[in-house]
Amino acid sequence: MAYEAVWMKEPSKLNKFEFVKHEKDGLDVIRTIIDNYSKEGYASIPEDDMNRFKWAGVYEQKPKDGHFMMRVRINTGIMTSAQARALASIARDYGRDLMDVTTRQAIQFHWLQIENMPDIFNRLEAVGLYSYEACGDCPRTIVGNPLAGIDKDELIDTVDIVNQVNDFFLLNRDFSNLPRKYKMSISGNIYNNANAEINDLAFVPAVKEIDGQEVIGFHAYVGGGLSAKPHLAKELDLFVRPDEVLKVAIGVTTIFRDYGYREKRHQARLKFLVADWGPEKFKEKLLEIIGDMPSKGENKMLGWNAVYYDGVYPQKQAGYNFIGLNVPVGRTNADEFEQLADLADQYGEGKIRTTMSQNIIISGVPDDKVEEALKAPVLRRLSPNAKAFMSRTVSCTGNEFCNLAVVETKVRAHRVAEFLDSAIELDEKIRIHFIGCPNACGQKHIADIGLQGALVKTPEGMVDAFDIAVGGTLGPNASFNTALKGRVKGDDVGGVLVKLIGFYKENRSAGESFNGFVKRVGVPAFQEKLNEILAG
C-alpha cells in the first residue's frame, strides 16, 4: 500500500471484514478469478474470496448454486453501439439473454458462471468497459448526466470530467479499501438528473464571479445515502472549478478512507461521518488535505425531473433530437439491446444512454429521421410513449436473484403498473419505486410512493407484503418519503394504490403534483386513508 492504513492501529475497533480486506486487497481477487477459480470451478472458491468478488463487480446470486450477478460500469450512462453489442453478446452467451438497467446507470447480468469470467472480462475490456469495482468497498460507478454533451439544460458538459475521475480511481489501490461502498455523482444539468443528494459525493452546476469574470463550475455535496438510515447530502461551502473536481474527489475520498467508521459495517458509510462532523468541520479537514478553495457561488440546481424523458426532445445541437424510451422496470434482453444498437447507428450518433430511472435514451437523431426511427420494432415494447404508471415504475432486483431481498419485486412491480394503468386515468405521472429489502437499491425513499418488501404471517403461512411510504422528492426542497403504518399483502398492493391515488385525484388542486398534495394535506391524511382501506 502506498498509504498508511491508520485504522489498523486500533484493531479492537474494527469489524471482522476489515481483517479480510487487509489480508488481501479486494482487487487481487480479479487475478485469482482469472488464474484459478475459472479453471478449478465454483467449489474451489473459499468464503473470504467469495466476499471479495464484489471488487470484480460480481456477486453470488440466489440461491448460491454456482451462478453470479455482474454489474458493468457505464460512465455517466453513455455507451457506444459497439459497447452495447458486446454487452448483448455476453447476455446471450452466458446470461440467459437477461439484461437489467440499474438505478446507477449500470448494466447488470445474471446467470453467469465462474468458468466464463475470463472471456467476459476480455469482451468488456476490448470495448473499453469494466465490471471492476462496480461493487465492493471502493469508489463505484460514477453516475452523471445521461444527456451530457447534448443537453440544452446543462451548464457544462461533464463527460470528460467523469472520465477523468473514473480513470483515476478505477483499480487505484490507494482507494480500493474504503470503510464501505462509495458513490459519486457529477452532473452539469440544472434539473439534478444525477440525483445529487443521495450520493456520498456529488457535484452540481454552479457559477461564481471571480476576478470580475463569471466562472462556471460546481458546488459539492457530501454524505448522502439511502438504506435503512437515509441521509440527504450536505452542501459544502466550496466553489469547484471544472479542473478541480478530481482534486476535491481525491480529498473527500481520502477523508472517508482515513476517518470513516470501520467498527460496525452498518454504520460505515460516509453519511455517518458527515452527520457527526457536520459540513463545516468536514470542509475544514478537506482544505487541510487539498489546500484553500473559494467559498460557494450561486447554486444553479433549479429543480428535479427525476431523470425522466418520454418521447422526442430537441438537443442543444440545432436539427438534432434525442428519444427517451421506457424500459419497463429496467429489464431488457440481448435481442432488444442489439436492436437499440442498430437504431443508434442507423438513425442516431451511435450511442445509447442509460438513466438512473432505469430507462434508455437514443441521441443524435436528425429532424428528418425522427419519424422513421420511431417506427423501429424494438420501440413497440421499449416505448417512447409508455403508459403513465409503467413509465414511472422502478424496481430493484428482488429475491429472484438477490440474497438480501425478502420478496419478489420485478414481476410484482410490472403487474402493479399494468393494473394501475388499466384502473385509473391520471394526467399527472406518479413515481412508484419497489424495493425488496432495506438496502434500497430501488431508491424507494425518493419516490412519490415507495414500497418496501416484508413478510407477514397469515393462517396460510408467511406471504409477501409491502410497507408504503409517500412524499419523496429531490431538488431544492428535497425530503425522503414517510412510511405509513399498516403492512399491505403483495396481492393487495394494486388495489390499495388505486384507492390512495384516487384520494389524491379527487382532492388535489388544479395542477397540483402528488408530492405537492402530500405536503399540503400531510402524511396523517394518507395514514387515515390507508387505515380506512385496510379496515374495509
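Each residue takes its place number in the sequence, starting with 1. Values below: every heavy atom of this structure, side chains too, minus hydrogens, waters and symmetry copies.
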May I ask you to check whether [X] and [Y] show a side-chain donor-acceptor distance below 3.5 Å?
{"X": "Q443", "Y": "H433", "result": "no"}
{"X": "N333", "Y": "D97", "result": "no"}
{"X": "Y221", "Y": "N299", "result": "yes"}
{"X": "T354", "Y": "Q105", "result": "no"}
{"X": "D345", "Y": "S81", "result": "yes"}
{"X": "D367", "Y": "N321", "result": "yes"}
{"X": "D151", "Y": "Q315", "result": "no"}
{"X": "W55", "Y": "D137", "result": "no"}

Report task. Starting from the C-alpha separation in whole Å, work towards a yes-or-no answer on side chain to side chain contact (heavy atoms under 4.5 Å, CB included) for T102 and T397. Result -> CA-CA 9 Å; T102 78; T397 300; over 6 Å; no
Less than 4.0 Å between a side-chain N and a carboxylate O, is that true for [Y] and [X]?
{"X": "K183", "Y": "D200", "value": "no"}
{"X": "R85", "Y": "D342", "value": "yes"}
{"X": "K387", "Y": "E418", "value": "no"}
{"X": "R392", "Y": "D448", "value": "no"}
{"X": "E408", "Y": "K410", "value": "no"}
{"X": "E244", "Y": "K247", "value": "yes"}

Query raised in the report: Does NZ or CZ of R353 lie under 6.0 Å from the centre of the six-membered ring of F322, at an angle within 45° of the ring axis?
Result: no
Query - cation_pi(R508, Y504) dist<6.0 Å, angle<=45 - result: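 Verdict for Y504: a cation-pi partner in R508.
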Is any side-chain heavy atom of [Y] closer than 4.5 Å to one of [X]?
{"X": "P146", "Y": "N193", "result": "yes"}
{"X": "H110", "Y": "M99", "result": "no"}
{"X": "N399", "Y": "L404", "result": "no"}
{"X": "M69", "Y": "V58", "result": "no"}
{"X": "Y309", "Y": "L325", "result": "no"}
{"X": "I360", "Y": "L340", "result": "yes"}
{"X": "V215", "Y": "E209", "result": "no"}
{"X": "F203", "Y": "V248", "result": "yes"}

Query raised in the report: Any donor and acceptor pair, going by atom type alone, linking the side chain of S185 with main-chain N or O of A202 inside 3.5 Å?
Result: no
Requested in this report: Using atom types as modelled and distance alone, determine if a side-chain donor or acceptor of R73 lies under 3.5 Å from a backbone N or O of E133.
Outcome: yes
Query raised in the report: Of K208, K296, E235, which meets side chain to side chain donor-acceptor pair (under 3.5 Å) against H219?
Result: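 When side chain to side chain donor-acceptor pair (under 3.5 Å) is applied between H219 and each of K208, K296, E235, only E235 qualifies.
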Query raised in the report: Among E349, K351, Q317, which one satisfies side chain to side chain donor-acceptor pair (under 3.5 Å) with S363?
Result: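 The residue from E349, K351, Q317 that satisfies side chain to side chain donor-acceptor pair (under 3.5 Å) with S363 turns out to be E349.
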Query - salt bridge (charged side-chain N to carboxylate O under 4.0 Å, His left out) between K505 and E428, worked out - result: CA-CA 9 Å; K505 181 179 179 180; E428 176 75 20; over 6 Å; no
Residues 490-500 side chain polar contacts: donor-acceptor under 3.5 Å, at least two apart:
unit_1, atom_1, unit_2, atom_2, d
D491, OD1, R412, NH1, 2.9

**Report entry** Qualifying ring-ring contact (aromatic ring centres under 6.0 Å, His included) pairs, either residue in residues 336-356, two or more places apart
**Finding:** none
**Report entry** Test applied, salt bridge (Lys or Arg N to Asp or Glu O under 4.0 Å); reference residue, E336; option that passes from R381, R92, R380, R331
**Finding:** R381
Measure centre to centre between the rings of [X] and [Y], then say whether the value is under 6.0 Å.
{"X": "F109", "Y": "Y59", "answer": "no"}
{"X": "F239", "Y": "F218", "answer": "no"}
{"X": "F401", "Y": "W111", "answer": "yes"}
{"X": "Y191", "Y": "Y308", "answer": "no"}

Requested in this report: Decide side chain to side chain contact (heavy atoms under 4.5 Å, CB included) for K519 and S479; before the verdict, give the C-alpha distance in whole Å, the side-chain angles of both, and the deciding distance to 0.1 Å.
Outcome: CA-CA 10 Å; K519 295 290 188 291; S479 63; 3.2 Å; yes
Report task. Give the C-alpha distance, both sets of side-chain angles, the deciding distance and a yes or no for side chain to side chain donor-acceptor pair (under 3.5 Å) between N359 and S357. Result -> CA-CA 6 Å; N359 293 312; S357 57; 3.2 Å; yes
Query raised in the report: Given D310 and K429, is the side chain to side chain contact (heavy atoms under 4.5 Å, CB included) satisfied, shown in steps?
Result: CA-CA 11 Å; D310 304 305; K429 293 185 177 180; 3.1 Å; yes
Requested in this report: Measure up the F480 and H445 rings against each other and bin them: parallel (under 30°), tilted (30 to 60°), perpendicular (over 60°).
Outcome: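 Judged by the thresholds at 30° and 60°, the geometry between F480 and H445 is perpendicular.
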Query raised in the report: What is the ring orientation for Y132 with Y130, classed by angle as parallel under 30°, tilted 30 to 60°, or perpendicular over 60°?
Result: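 Rings of Y132 and Y130: tilted, as their planes differ by 30° to 60°.
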Query raised in the report: Can you list the steps and then say if T473 with N481 is a side chain to side chain contact (heavy atoms under 4.5 Å, CB included)?
Result: CA-CA 7 Å; T473 188; N481 51 31; over 6 Å; no
